[in-house]
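Report on the structure given below.
Labels below follow one simple rule: chain letters A, B, ... track the order of the sequence lines, proteins then strands, and each chain is numbered from 1.
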Amino acid sequence: MTATPRLRFAPSPTGPLHIGGARTALYNWAAARAQGGSFLLRIEDTDRARSTEESLRQILAGLRWVGIDWDEGPEVGGAHGPYFQTERLELYQRYAQQLIDGGHAYECFATPEEVQEGREKLQAAGQRPMYDRRHRDLSAAERDALRAERGPGSLRFRMPLDQQWTLPDLCKGDVSINLAELDDWVMIRPDGMPTYNFACVVDDLEMGITHVVRGEEHLMNGFKQAVLFDLLGAAAPQYAHIPLILGKGGKKLSKREASVDILEYRDKGYVPEAVFNYITLLGWSFSGDQDVFSKQEMLAKFRIEDIGSSGSKFDDEKLRWMSGDYIRRMDPAELVERVRPFVGEAIPAAVFDAAPGLVRNAVACYQERIELFAEIADKVAWVFADAVSFDDQAQKKMTKHADVVPHLAAYADLLESSNLPSSDPAARAAADAAFPLPSKQGAEPVAEPCMGPAALEAQLRAFCEERDIKFGHVVHPVRAALTGTTAGPGLFDCVFLLGRDKAVARLRAAAASNG
RNA sequence: GUCCCGUUCGUCUAGCCCGGCCUAGGACACCAGGUUUUCAUCCUGGUAACAGGGGUUCGAAUCCCCUACGGGAUACCA
């Protein structure tokens, strides 16, 4: 019965895409996709002074990064273009003329000072401050005189007065207002540029938009636009004005508590699917007991009507948790791929290419220990570095177990004569292939080309028994010696990753500097 | 000031439209235990909420009214 839905996201390129904008885009996108409709992007660049190419690029990149694509709009074209408002000026003029002819718009010559003065008067009288409609009913002669004296005026909308208007809102329900509360708002500026409300209506009409999801700061604009649609003899889209995203304090999200620019999340290494998931959850819930869901799952259930009507606060902690959750569930091969842009110097590019097995193993060892892609760099650096330096905790462990330090050299000797994988990234492909890390307890291949984590553990346990030292006391200094830290993957995964030469060298270095 | 919207654990929310299944469920965070060579993961358990006040009703988180608090809008910005 209803036509296929057409929704849009209509940002103005005056800054980067922020979290709130991304969520708005997301809901519009989802509503379209869920119903097999179209999603388009329209650029509202009528504010020429503030619009920039750079902002546009950032917005498009931000949308793509969270996984939002569009059927019509910049870079993809479409049958309802152009998709930049500054390229549609003639269209607005045509509609403006139609409205003038129909008596629904009039020219206003009031100076900014006069408008302001009128506002203050109303305010003082306890009424809503707005344009006092002083030029609403000018005679033709008065109009001509003013134009001759002051030049072209702005085109204002002749708001029907004293009329109760109810706006059916998909999110808020029916919202009513007396139209007299609304301004005779400016549709076209004296320079011919349309304002937001006017261009928006013309475009939504021309582009066949059926639903509009947008922030609740536009609720009042919803009335203005709906009335205009009515006077144009057209049906307004179904509006859904959704609550804003707030910061921890319940105030507008500020840069202090969270990144406002969506691309900052990309740069910090958040998993985009998690950002998508989390943002979706800010005001919409998949089900009573499931927070993590795929796009496909979401689309199967999404309905605009289910978007919550109360504001929500942005919680970076949960976002991070969710990012980590996505990482944990990722295929290790994919993780390696996606972590690559973030490793910097920690894993030299040459090693990345020459020793995929080693890199895979190293990264996989940290899969459940990171929440952001970017965290991998610092974590794995010790594997690929030439030597390590101890952090405070590691140094403490070393001094605390000073009695076992002498044994480190002996352990080094033992490893030196053992069949460990090589420390040379290029010479250990078979070893890394034979032992996918992190090693699971109990499992160990039989026909292995070298010692694996389990064999290494057995070896060290025997070593301790021979020398009558506590296994638990050796483990910590060894870990510190090898990795420079006290936390990390299983100790024998660490030994394995390092390979013989590096493990031996680090044990000896630690023994020397702490003995 | 005026108009509009909102208010369930610290946070995101389920439940509310179509009153009883709600001794209010889930998730993050937090606390306690377990697994473990460390960290992390994982598992088990716990703390914790219907803004307040009036109605309506046999019965209200759910319906109505008032108050308080929060947010938004009050532009020739979007």
- Task: Both distances under 3.5 Å, Watson-Crick or G-U wobble: report the partner of B/rU57, or none.
- Result: none

- Please give the nucleotide sitting opposite B/rC21 as a Watson-Crick or G-U wobble pair, both distances under 3.5 Å, or none. none

- Query: Is the distance from OP1 or OP2 of B/rU41 to the nearest side-chain N or O of A/Arg329 less than 4.0 Å?
  - Reply: no

- Query: Can you find a side chain N or O atom of A/Arg48 that sits less than 4.0 Å from OP1 or OP2 on B/rC77?
  - Reply: no

- Query: With a 6.0 Å cut-off on ring centres, are A/Phe471 and A/His473 close enough?
  - Reply: no

- Item | Closest to side chain of A/Met220, choosing from B/rU13, B/rG72, B/rA75 | B/rG72

- Message: Using a 6.0 Å cut-off, check whether atom CG of A/Asp331 has over 12 heavy atoms from anything other than its own residue.
- Response: yes

- Message: By nearest atom, which of the nucleotides B/rA78, B/rU74, B/rU37 is closest to the A/Pro129 side chain?
- Response: B/rU74

- Options B/rC76, B/rA40, B/rU74, nucleotide nearest the side-chain atoms of A/Arg128: B/rU74

- Message: Which nucleotide wins on minimum distance to the side chain of A/Asp183, given the candidates B/rU37, B/rC5, B/rA75?
- Response: B/rA75

- Item | Identity of whatever pairs with B/rA68 - Watson-Crick or G-U, under 3.5 angstrom | B/rU7

- Query: With the sugar-phosphate defined as primed atoms, P, OP1 and OP2, and the base as all remaining atoms, what B/S/- string results for nucleotides 21-30 of chain B, 5' to 3', for protein heavy atoms under 4.0 Å?
  - Reply: ----BBBSS-

- Contact class for A/Gln123 vs. all strands (heavy atom < 4.0 Å): base, sugar-phosphate, or nothing? base

- Using Watson-Crick geometry (N1-N3 plus N6-O4 or O6-N4) or G-U wobble (N1-O2, O6-N3), each under 3.5 Å, B/rU41 is paired with none

- Does A/Thr195 put a side-chain nitrogen or oxygen below 4.0 Å from OP1 or OP2 of B/rC76? no

- Item | Face-on cation placement of A/Arg147 at A/Phe109 ring, 6.0 Å and 45° thresholds | no

- Is any side-chain N or O of A/Arg156 closer than 4.0 Å to OP1 or OP2 of B/rC76? yes

- Quick one: on RNA chain B, does A/Thr111 or A/Arg461 contact a more 5' nucleotide (nearest heavy atom)? A/Arg461

- Task: Give one of base, sugar-phosphate or nothing for A/Pro11, where a contact means two heavy atoms less than 4.0 Å apart.
- Result: nothing

- Item | B/rU13 phosphate, OP1 or OP2, under 4.0 Å from A/Ser312 side-chain N/O | yes

- Item | Inter-nucleotide C1' distance (B/rA48, B/rC28), Å rounded | 14 Å

- Of the candidates B/rA78, B/rG1, B/rC76, the side chain of A/Asn221 sits closest to B/rA78

- For A/Glu334, does the CD atom have more than 12 heavy-atom neighbours from other residues, nucleotides or ligands under 6.0 Å away? yes

- Item | Residue A/Arg328, side-chain heavy atoms: nucleotide from B/rC76, B/rU41, B/rU37 that is nearest | B/rU41

Under 3.5 Å donor-acceptor pairs involving side-chain atoms of residues 188-196 of chain A, not counting sequence neighbours:
{"from": "A/Arg189", "atom 1": "NH1", "to": "A/Pro194", "atom 2": "O", "distance (Å)": "3.3"}
{"from": "A/Asp191", "atom 1": "OD1", "to": "A/Met193", "atom 2": "N", "distance (Å)": "2.9"}
{"from": "A/Thr195", "atom 1": "OG1", "to": "A/Val186", "atom 2": "O", "distance (Å)": "2.6"}
{"from": "A/Thr195", "atom 1": "OG1", "to": "A/Met187", "atom 2": "O", "distance (Å)": "3.4"}
{"from": "A/Tyr196", "atom 1": "OH", "to": "A/Arg214", "atom 2": "NH2", "distance (Å)": "3.1"}
{"from": "A/Tyr196", "atom 1": "OH", "to": "A/His218", "atom 2": "ND1", "distance (Å)": "3.4"}

- Query: On a whole-Å scale, what distance lies between the C1' atoms belonging to B/rA29 and B/rG10?
  - Reply: 8 Å

Name the pairs: protein N/O against N/O of nucleotides 60-67 of chain B, kept only if under 3.5 Å.
none

- Against the side chain of A/Phe471, the closest entry in B/rU7, B/rC76, B/rU37 is B/rU37

- Of the listed nucleotides B/rC39, B/rG72, B/rC77, the one nearest the side chain of A/Ala487: B/rC39

- Message: If you apply the rule ring-ring contact (aromatic ring centres under 6.0 Å, His included), what do you find for A/Tyr27 with A/Trp284, and how did you get there?
- Response: CA-CA 9 Å; A/Tyr27 286 150; A/Trp284 183 80; 7.7 Å; no

- Rounding to a whole Å, what distance do you find between A/Gln127:CD and B/rU2:P? 11 Å

- Counting just side-chain N and O atoms, does A/Arg369 come under 4.0 Å of either OP1 or OP2 of B/rU38? no

- If only side-chain N and O atoms of A/Arg479 are considered, is one of them under 4.0 Å from the OP1 or OP2 phosphate oxygen of B/rC39? no

- Item | Whole-Å P distance, B/rG70 and B/rG25 | 30 Å

- Query: If you draw a 6.0 Å radius around CD in A/Gln164, do more than 12 non-hydrogen atoms from other residues or ligands fall strictly inside?
  - Reply: yes

- Task: Among B/rU41, B/rC5, B/rU37, find the nucleotide with the atom closest to the side chain of A/Lys172.
- Result: B/rC5

- Task: Give A/Ala394 one of three labels, base, sugar-phosphate or nothing, depending on what nucleic acid heavy atoms sit under 4.0 Å from its own.
- Result: nothing

- Item | Complement of B/rU74, any strand, by Watson-Crick or G-U distances under 3.5 angstrom | B/rG1

- Mind checking A/Ile177 for me? I need base, sugar-phosphate or nothing, with any heavy atom below 4.0 Å counting as a touch. sugar-phosphate

